[in-house]
Amino acid sequence: MGLLRMAARTAVVAGTATAVSGRVARRQAARYDQQYAPEPQQYAPEPQQYAPQAPAEEDDATAQLQKLAALHTQGVLTDEEFGAAKAKILGL
């Protein structure tokens, strides 16, 4: 019976050593992962979307003057009304 008992004891010791060694390896791997884990990738921010530029004041003034001229040509505006509106648009 001595040989059987010694084999059983060796199996228990070997099994315990394997279990402890596996636990230590997992714990060390977890620590390594926490310390040396790569940082999450940071992506470039989304490019800003800009609103289309408002038409320049000069273009707006030109368009208004063209509308006034058309109204004056059609006879809707008198010469005095056309002159006053034109002076107002041009800031005179």
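Remember, it's a predicted structure, so these values are computed and weren't measured experimentally.
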Point-to-point distance, once rounded to the nearest 0.5 Å, from [atom1] of [X] to [atom2] of [Y]:
{"X": "Thr10", "Y": "Arg5", "atom1": "OG1", "atom2": "CZ", "value": "13.0 Å"}
{"X": "His72", "Y": "Thr78", "atom1": "NE2", "atom2": "OG1", "value": "7.0 Å"}
{"X": "Thr62", "Y": "Gln66", "atom1": "OG1", "atom2": "CD", "value": "6.5 Å"}
{"X": "Lys88", "Y": "Gln64", "atom1": "NZ", "atom2": "CD", "value": "9.5 Å"}
{"X": "Leu68", "Y": "Phe82", "atom1": "CG", "atom2": "CZ", "value": "6.0 Å"}

Worksheet entry | Within one Ile-Leu-Val-Met-Phe-Trp-Tyr cluster: Leu77 and Leu90, side-chain cutoff 4.5 Å |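 Result: yes, single cluster for both.
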Discussion item. Run Glu81 and Leu71 through side chain to side chain contact (heavy atoms under 4.5 Å, CB included) and show every step you take.
Written reply: CA-CA 10 Å; Glu81 291 172 333; Leu71 291 173; over 6 Å; no
Discussion item. Which heavy atom of Lys86 sits nearest to which heavy atom of Leu65, and what is that distance?
Written reply: CG-CD2, 3.5 Å
